[in-house]
Structures are given as structure tokens and as C-alpha cells.
Trainee: 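Just passing along the structure, written as C-alpha cells.
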Amino acid sequence: MSSSTCSEPDKAVRPAGVSGWGWPLFVFVLALLPRLFELGRQPLWLDEVLTLNRASLAPGALALNSFQNHHMPGFFLLLSPLTGLGEPQFWLRVPSAIFGAVAVMLVFMIAARLAGWLAGGLAALVLGLSPAVLGFAQEARSYTLVMTLILVALYGVTRLAQDLRAAGQGFRAAKAGWLCFVLGTAAALDVLGDAVPWWLAANLIFFFLLPFTPARWRLVRNVLLADLAVLLLTAPLYALLLHYQAESVAHSLGWIPKLDAKRVWYNFGAVYLMHVPDWVSFRFLTRHAVPGVVWLVDALLLAALAAAVWRLRRRVTLLIVLGIAFLLLPCLFLLLSLWHPVLLPRYLLWSAAPMAVLVGIGGAALLEARPVAVRGLAVVAVAGLLLVNLLPYYKDEAKPRWDLAAQILAREFSPGDMILFSDGGAVPILKVYLPKAARETVLSHPYGGLHHAEAALNQGRRVWVVYGHAGQNTGTARQFFAKMQTLGVPSKVQAAGRRIAIVLYAPGQHLASCTELAEQDGICG
């Protein structure tokens with residue numbers, strides 16, 4: 001095994017005529033393009049506004065706020081210099097886009113090292129054009145950074161699995177593999193606790209590799225020493241997190257919907273089967289989908305996955321590495337959700353990468369007997385299918401248009417009016433988008449309830465009722481407005497995009513007839 005560092009590209013990565021970093025960098029650039037495309041089109045939603053608010057704090061306050069909310073401060077410190085550049089919905093997402101492209105490059109390198117450049121190219125296409133993975137790469141959160149760091153660690157583990165004899169000797173004999181595993185794992189853990197299952201998966205991989213190594217106890221020693229190094233590099237931050245956390249992790253996850261068949265399908269279909277997720281409603285975006293394309297893509301993915309298992313049946317160590325890296329996370333979170341709901345795409349995200357590697361290997365196996373021209377056409381066809389499947393992500397309204405809601409309220413809200421929100425999380429978002437003068441007027445008393453609205457109407461004041469989700473929520477407009485019947489008939493109904501309704505109740509003023517929007521949402525009863 002080479003003693004090169006974990007950042008060195010491998011010979012298996014490059015086709016003839018291309019040297020060094022040529023193909024990995026080419027893949028990185030191609031992966032970056034769809035991630036930068038319309039990066040700032042969608043407005044910020046609650047999670048990203050929390051990122052903006054935290055990254056805008058002084059370093060000490062930023063770290064404390066992070067620990068209190070079960071986050072490590074590193075990612076937010078990285079974003080801190082970007083908060084003053086303007087257009088936060090673009091600039092705060094740039095690091096995620098870059099890390100997402102690096103993740104695609106690493107998947108290419110891993111798959112190409114294991115099964116050749118065709119496998120690497122197909123794996124990169126699958127991860128690079130996955131709607132869910134792309135969506136997280138256009139969000140100002142740390143999930144793509146964690147996935148990238150875990151892929152560095154996975155790259156190291158695959159190197160070790162390919163040469164278990166060297167892995168069981170001194171660290172220098174497999175320096176690159178051990179360095180990538182230790183540094184990638186520790187860095188991922190120091191960014192977000194979501195990396196803990198990867199550490200568990202990696203140790204499970206090493207356990208199942210023991211029968212295949214000629215020096216079992218020396219490999220065990222090396223694994224224990226590597227784990228000790230990871231522990232030393234991460235323990236101080238986790239000690240601070242445990243000391244400063246404001247509430248238990250289980251309590252902070254109490255908003256996640258209970259597990260049922262629809263939730264399982266939503267999570268697995270989004271992360272592994274290329275369905276375009278609607279982050280707000282726990283459903284899929286299908287309005288702009290080309291009929292049948294996603295099911296064809298799913299069939300091809302499953303066929304390639306089966307082919308990968310068949311191809312790797314004689315390379316059991318690699319099947320162990322990729323199989324556990326792929327399967328442990330969904331199986332673990334599915335089991336945990338029987339006790340407490342934790343199944344969300346963001347928590348499954350990094351396991352999409354080893355699946356992409358497997359699909360790349362299987363796809364290459366299915367095409368290996370074909371002429372070069374046929375293989376090239378097949379890759380182009382796969383890319384075309386994945387791009388067509390991705391269209392709903394770019395065309396639809398993936399996040400609530402609180403920027404438009406802010407414009408309406410800034411224009412029409414008057415001093416003395418009262419406002420009632422269906423979701424209090426809208427308040428910090430509107431603070432970002434409302435002009436300063438309007439912010440002080442509209443949000444002077446933003447947390448009133450229905451009885452406050454009834455009292456305001458009795459006093460002759462106007463009441464604005466704003467329905468719309470700030471983050472993920474399964475509630476509907478009809479359910480919410482069923483509770484608003486005591487306010488009477490609205491005088492005006494406006495829409496901010498297709499997810500937010502802004503309804504005015506004014507004493508003595510009523511709609512001449514109920515609008516189609518109001519009827520659809522149950523606003524008029």
C-alpha cells in the first residue's frame with residue numbers, strides 16, 4: 001500500500017491520458033454547477049435563519065449558543081465572515097454548495113479506486129444529481145460538510161480494507177488509510193453529532209473484517225488506538241456541549257412526526273430513490289415531474305445495486321465496508337424511531353454516499369461487456385434521466401415565501417393592527433426580510449392568541465392572520481382556519497407564494513364572495 005496522504009488522487013481514478021487531479025477536479029466543477037445554480041432563489045426558512053442569527057454573534061456568544069442547542073460551533077464560525085456580504089440566502093449557502101461538490105468528488109475517487117473510472121463517473125452522477133443531496137447542498141446548514149468529512153473517513157477505511165495485511169502492521173504501513181479514518185471521523189464529530197453513527201459503523205466494519213486479516217490482534221490494537229485518537233480530538237467539545245445544553249436531545253426532537261409507512265417511504269424515497277422531497281410537508285414534489293421518469297430511475301438504481309452485490313461477492317471485504325456504511329444508518333434510525341421518532345432525511349444523508357458508490361460499481365458491472373461507445377451513450381442517457389428527474393426541485397416552491405409575505409405586511413400593515421401567526425417560527429424569518437421601520441410596527445406584539453384577536457376586533461382594530469410554516473410541519477390551512485371561525489368573515493385574502501395565506505379581518509368589512517384560495521384553504525368556513 002502506498003504511504004501517500006489521504007488527499008492524494010489514486011491511479012485507478014484517471015483514465016489514460018489524464019494525470020494527477022485532472023478527473024477529480026473536473027468532477028468537482030461539474031458537481032458545483034447545479035449547486036450554485038439558483039442558489040439564492042429560495043428564501044431562508046427557519047433552520048437557515050437560526051444559522052444566520054448564530055453566525056452573526058460574537059465568537060464567544062456563538063459558541064455558547066451552539067452548545068446550548070446541541071450544535072458544535074465550528075460550522076457557524078466558518079460562516080461568520082459571510083454574514084456581512086449581503087444576500088444571506090446566497091452567501092450563507094455557498095460553503096454547503098462547495099462541500100457538496102467535494103463530496104461528489106470523493107465518491108468519484110472511492111468508486112474509481114475500487115472499480116475503475118466508469119464506476120466513479122456513475123457514482124458521481126447518482127450523488128451529484130440526487131434531489132435530496134442537492135437540496136442540502138443549497139441550505140445553510142452543516143449536513144453536507146459532515147457528509148464530506150465522513151467520506152474522507154470512508155475513503156481511509158476502503159484503503160485499509162484493500163490491504164488488511166498492511167492495516168494490521170504498524171501505522172506507517174497504512175498511514176494514508178489510518179490518517180483519513182481518524183481525521184475524517186474526528187472532524188465530522190467536531191462539526192455535528194450526526195456523525196456518531198458513522199463512528200459506530202466504522203467500528204462494526206473493522207469487527208467484521210477481522211476474520212479476513214492475517215494479524216487480527218494487531219488490527220484490533222490499531223483500531224483501538226485510532227478510536228482513542230478520535231476520542232481525544234472530540235471529547236473536549238462534547239464535554240462542553242453536555243455542560244451547556246439547555247434541554248435533552250430527546251426533548252429537542254419532539255417535533256418529529258411519529259413513524260408510519262408514509263414517513264418511512266418519504267425518508268427512504270428521498271434519500272435513496274431520487275424522489276424530490278418537499279422539506280416542509282414531508283411529501284414529494286410532483287407538480288412539475290415528467291410522468292414515469294422517477295420510477296425508471298428507481299428501477300435502474302435497484303438493478304445497479306443488485307449488480308454491485310453480485311460483483312462484490314468475491315471481494316467480501318469491500319462489500320462489508322460499503323454495505324455496513326450504507327445500511328447501518330437507515331436500519332439504526334428505523335429501530336430508534338420505534339421508541340422515539342428520529343427518522344429524517346438530514347439524519348440519513350451521509351449514507352446516500354456509500355449507496356452511490358455501490359450503484360456506480362453495479363452500473364459499471366452491467367456495462368463492462370459493452371463497447372466503449374455504448375458505455376458512453378449509457379452514461380449520457382443516465383445523466384439526462386437524472387437531470388429530467390431533478391426538474392421539480394428547481395421549478396417548484398421548495399421553501400415558504402416569507403420574503404413575499406414580508407413585502408405584503410410592510411405595505412399594508414398599519415399601527416394599531418394586530419397580527420396572529422399559525423407558526424411562531426415565522427417571526428425570526430420576518431425579522432430578516434421586513435424593513436426596519438415595518439419590522440417595529442408589524443412585530444411589536446407578534447405572539448398573541450385567538451382570544452387576543454377576538455378582543456382586538458371587539459375594540460374596532462384590524463386583525464391580520466398569517467398562515468404558513470416556518471419549518472417542517474404536517475398541519476394544513478384548513479385545520480388552522482377551522483379554529484378562526486370566531487373571527488367571522490375575512491375582508492381580504494392574499495397569498496405569498498403557494499404556501500402562505502395572509503388574511504385580514506376588519507370590523508364592518510367582508511369579502512363580497514369567497515375567493516378560490518379562501519375556499520380551498522377553508523378560510524371562509
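None of these values were measured; they are calculated from a predicted model.
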Trainee: Taking the side chain as every heavy atom from C-beta outward, state whether Phe421 and Val465 have any pair of such atoms under 4.5 Å apart.
Mentor: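 Answer no - side chains too far apart.
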Trainee: In this structure, which one of Val230, Val146, Leu237 forms a side-chain contact (heavy atoms from CB on, under 4.5 Å) with Asp190?
Mentor: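 Between Asp190 and the candidates, side-chain contact (heavy atoms from CB on, under 4.5 Å) is satisfied uniquely by Leu237.
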Trainee: Inspect the contact between Asp194 and Arg346 and indicate whether a charged nitrogen and a carboxylate oxygen are less than 4.0 angstrom apart.
Mentor: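 So Arg346 does not pair with Asp194 through a salt bridge.
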Trainee: Check the orientation of Phe282 and Tyr266. Use parallel for under 30°, tilted for 30 to 60°, and perpendicular for over 60°.
Mentor: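 Perpendicular: the ring planes of Phe282 and Tyr266 meet at over 60°.
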Trainee: Should Glu139 and Trp45 count as side-chain neighbours, where that means a heavy-atom distance under 4.5 Å?
Mentor: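 Side chain of Glu139 against side chain of Trp45, heavy atoms only: contact under 4.5 Å found.
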Trainee: If you define the side chain from C-beta out and look only at heavy atoms, does anything of Leu44 sit under 4.5 Å from Tyr433?
Mentor: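 Counting from C-beta outward, Leu44 and Tyr433 do come under 4.5 Å.
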Trainee: Would you call Met484 and Leu450 a side-chain contact if the rule is heavy atoms closer than 4.5 Å?
Mentor: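 Met484 vs Leu450: side chains touch.
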Trainee: Would you mind listing every side chain to side chain donor-acceptor pair (under 3.5 Å) that reaches into residues 129-138, with sequence neighbours excluded?
Mentor: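 Applying side chain to side chain donor-acceptor pair (under 3.5 Å) to every pair that reaches into residues 129-138, excluding sequence neighbours, yields Gln138-Tyr393.
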Trainee: Taking all atoms of both residues into account, what is the closest heavy-atom pair of Ala97 and Leu32, and its distance?
Mentor: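 For Ala97 and Leu32, the tightest heavy-atom pair comes out as O-CD1, 3.7 Å.
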Trainee: Might you work through the side chain to side chain contact (heavy atoms under 4.5 Å, CB included) test for Val359 and Leu122, ending with a clear yes or no?
Mentor: CA-CA 7 Å; Val359 170; Leu122 290 171; over 6 Å; no
Trainee: Can you find a pair of side-chain heavy atoms, one from Glu412 and one from Gln407, that are under 4.5 Å apart?
Mentor: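 No, every pair of side-chain atoms sits at 4.5 Å or beyond.
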Trainee: How close do Ala325 and Trp350 get, counting heavy atoms only, and between which atoms?
Mentor: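 Closest heavy-atom pair between Ala325 and Trp350: O-CZ3, 3.3 Å.
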Trainee: Sorted by first residue and then second, give each salt bridge (charged side-chain N to carboxylate O under 4.0 Å, His left out) pair with at least one member in residues 269-284; sequence neighbours left out.
Mentor: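 Pairs touching residues 269-284 that pass the test: Asp278-Arg499.
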Trainee: Does the ring of Phe75 carry Arg141 above it, NZ/CZ under 6.0 angstrom from centre and within 45° of its axis?
Mentor: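 Not satisfied by the 6.0 Å and 45° rule.
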Trainee: Testing the basics here: between Leu348 and Val271, what is the closest heavy-atom pair and its distance to 0.1 Å?
Mentor: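 Looking at all heavy atoms of both residues, the shortest contact is O-CG1, 3.8 Å.
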Trainee: May I ask you to decide whether Asp396 forms a salt bridge with Arg287, counting only side-chain N to carboxylate O separations under 4.0 Å?
Mentor: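 The answer is yes: the pair qualifies as a salt bridge.
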Trainee: Is the closest side-chain heavy-atom distance between Leu434 and Leu443 below 4.5 Å?
Mentor: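 Yes, close enough: below the 4.5 Å cut-off.
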Trainee: Charged N to carboxylate O under 4.0 angstrom, Glu397 versus Arg41?
Mentor: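 Judged by the 4.0 Å cut-off on N to carboxylate O distance, Glu397 and Arg41 do not form a salt bridge.
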Trainee: So which atom in Ala137 and which in Gly100 form the shortest heavy-atom distance, rounded to 0.1 Å?
Mentor: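 For Ala137 and Gly100, the tightest heavy-atom pair comes out as CB-CA, 4.3 Å.
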Trainee: With a 4.0 Å cut-off on N to O distance, would you call Asp403 and Arg401 a salt bridge?
Mentor: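 Salt bridge flag = yes for Arg401 with Asp403.
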Trainee: Would a distance-only check, ignoring hydrogens and angles, find a side-chain to backbone donor-acceptor pair under 3.5 Å from Asn389 to Val293?
Mentor: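 Not confirmed, Asn389 side chain does not pair with Val293 backbone.
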Trainee: Would a 4.5 Å heavy-atom cut-off, applied to side chains only, mark Leu52 and Gln89 as touching?
Mentor: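 Not in contact.
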Trainee: Can you confirm whether Pro277 sits close enough to Pro131 that some side-chain heavy atom of one is under 4.5 Å from a side-chain heavy atom of the other?
Mentor: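 Yes. Closest side-chain heavy atoms under 4.5 Å.
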Trainee: Between Tyr244 and Ser66, do the side chains contain an N or O donor and an N or O acceptor separated by less than 3.5 Å?
Mentor: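 Note: Tyr244 and Ser66 side chains miss the donor-acceptor criterion.
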Trainee: Closest approach of Leu233 and Pro236, non-hydrogen atoms and distance?
Mentor: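 For Leu233 and Pro236, the tightest heavy-atom pair comes out as C-CD, 4.5 Å.
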